Protein chains: 2
Amino acid sequence: MKNLTRKEQIRLVAENMFRQKGYAATSMRHLAKAIGIEAASLYNHISSKEDLLKDICFESAAEFFNAINDVQKLELPPDEKLAAAIMAHVKVVTSNLNGSAVFLHEWRFLSEPHRSEYKKVRKAYRQEFRNILNEGVKKGYFKPVDTKLYSLSILSALHWIYDWYNPSGELSPEDLGRQFSYVLLEGVRKSSTK
Amino acid sequence: MKNLTRKEQIRLVAENMFRQKGYAATSMRHLAKAIGIEAASLYNHISSKEDLLKDICFESAAEFFNAINDVQKLELPPDEKLAAAIMAHVKVVTSNLNGSAVFLHEWRFLSEPHRSEYKKVRKAYRQEFRNILNEGVKKGYFKPVDTKLYSLSILSALHWIYDWYNPSGELSPEDLGRQFSYVLLEGVRKSSTK
DNA sequence: CCTACCGATCGGTAGG
DNA sequence: CCTACCGATCGGTAGG
């Protein structure tokens, strides 16, 4: 914590508290106390509580977006691309559990126009997954599933990771990503019994 | 709304507002205004704001629990049992989107001892799913997956339904449940290309 | 079910 | 970065 600027420090504490208690239930006084300054002093580094939320949400969004864009640049068959997209998502979530949780849950406290802007970004991200699925169906790699529903299912499964992932546990982000890819691509049923 | 007791009316409005704005950001005055009475009058029907949350959370939990218990009573092979459990879960969520959302997201505003009690109940519910998976693996219906991780994935996928399910859309709860079961059991990959 | 009110706490500003 | 403070709003109670 010592080699961080005060602004970075505020940001990290805010991500943590917004995740634990929620944005609405976190007061600027709680935040300040956790840092060790007075509430009024926060305003030398940030302009408002909502601005803090906005920054967390949009910078998290950017991380997810960068990750999926890197995957899209790879020339891979759809099944490997889907696995790579899942791995990339898991890596972003696990590398920033607090920020991801805020990004996923607290965005609704954004006021306009940020709220609408956020929704657009999130929709575009989902569309990237859907595109991979569509390509896979078209090229015969995937079953002819409802790709809208299926992309929602995949992202839903991934969205909840922050809720139970233990960064100090034995499961590495890579293992987690691999297992998720396997299970979502292959299903749980043993094919021989089918 | 007209043939409901005032208490039921308060409950429904609270589920709706807790879902939309979150528990912490919903004030008793907002709630009262939406109903058309003064905030003080709410206290003739409920004892506190948290009590309202507690009731919503635990009654929702009971609905999910009853549903899975009914499924467990059926004598079914593991694959069909898993499908039935998924169907049952989807039915509960879609029949009470607001309550389910509160149950899933706002429980953390419960204070002790309700918070711990809630966590126990939720864990037991997850364990039911895991039991089905364990049985399926043991009897050779399912691949030898990590059943802890896999039960979390399934429930995560199901947990997000309230976020995007449109009850007035064309997708019925039955269709949704069927598609989820299919996709989680069989995976997306076309077996012939494997 | 209402009016009137309680002490506590909120996000944020002025001024240094 | 602090003290001092603003008006607004919070959950809840007293008394009718």
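Remember, predicted model here, so these are calculated numbers, not experimental data. Only heavy atoms go into these numbers, but all of them, side chains included; no hydrogens, no water, no symmetry mates. Protein chains get the first letters and strands the later ones, always in sequence-line order, with residue 1 at the start of each.
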With hydrophobic residues grouped by side-chain heavy-atom distances under 4.5 Å, do B:Tyr125 and B:Val121 end up in a single group?
yes

Will you find, in the side chains of B:His105 and B:Tyr23, an N or O donor that is under 3.5 Å from an N or O acceptor?
no

A:Leu53 CG to C:dG12 P, in whole Å, measures 12 Å

Answer for the Watson-Crick or wobble partner of C:dG16, both distances under 3.5 Å, is D:dC1

- Just checking, any donor-acceptor pair under 3.5 angstrom between side chains of A:Gln179 and A:Asp175? no

To the nearest angstrom, the CD-P distance between A:Glu38 and D:dC5 comes to 15 Å

Atom CG of A:Asn44 and atom P of C:dG12 are separated, to the nearest Å, by 14 Å

Here the distance between atom P of C:dG12 and atom CG of A:Leu42, to the nearest Å, is 10 Å

| task | Give a yes/no on whether any side-chain N or O of B:His30 is located under 4.0 angstrom from OP1 or OP2 of D:dC10. | result | yes

Out of C:dT13, C:dC1, D:dG11, minimum distance to the side chain of B:Tyr43 belongs to D:dG11

Between CE of B:Met28 and P of D:dA8 the distance, given in whole Å, is 23 Å

Ranking A:Ala40 and A:Ala25 by the position along DNA chain C of their nearest nucleotide, the one closer to 5' is A:Ala25

From NZ of A:Lys33 across to C1' of C:dC10 the rounded distance in Å is 16 Å

Quick note, A:Arg29 side chain, CB onward, closest among C:dC5, C:dC1, C:dG12 is C:dG12

Of the listed C:dG11, C:dC1, D:dC10, the closest approach to the B:Ser27 side chain comes from D:dC10

Rounded to whole Å, NZ of A:Lys49 lies from P of C:dG11 at a distance of 4 Å

B:Leu52 atom CG is separated from D:dG12 atom C1', nearest whole Å, by 14 Å

* Asked: When all nucleic acid strands are considered with a 4.0 Å heavy-atom cut-off, which category describes A:Ser47: base, sugar-phosphate, or nothing?
  -> nothing

Check whether the side chains of A:His159 and A:Ser156 place a donor and an acceptor atom closer than 3.5 Å, and report yes or no.
no

Which of A:Asp79, A:Leu184, A:Leu133 passes side chain to side chain contact (heavy atoms under 4.5 Å, CB included) with B:Val188? Answer is A:Leu133

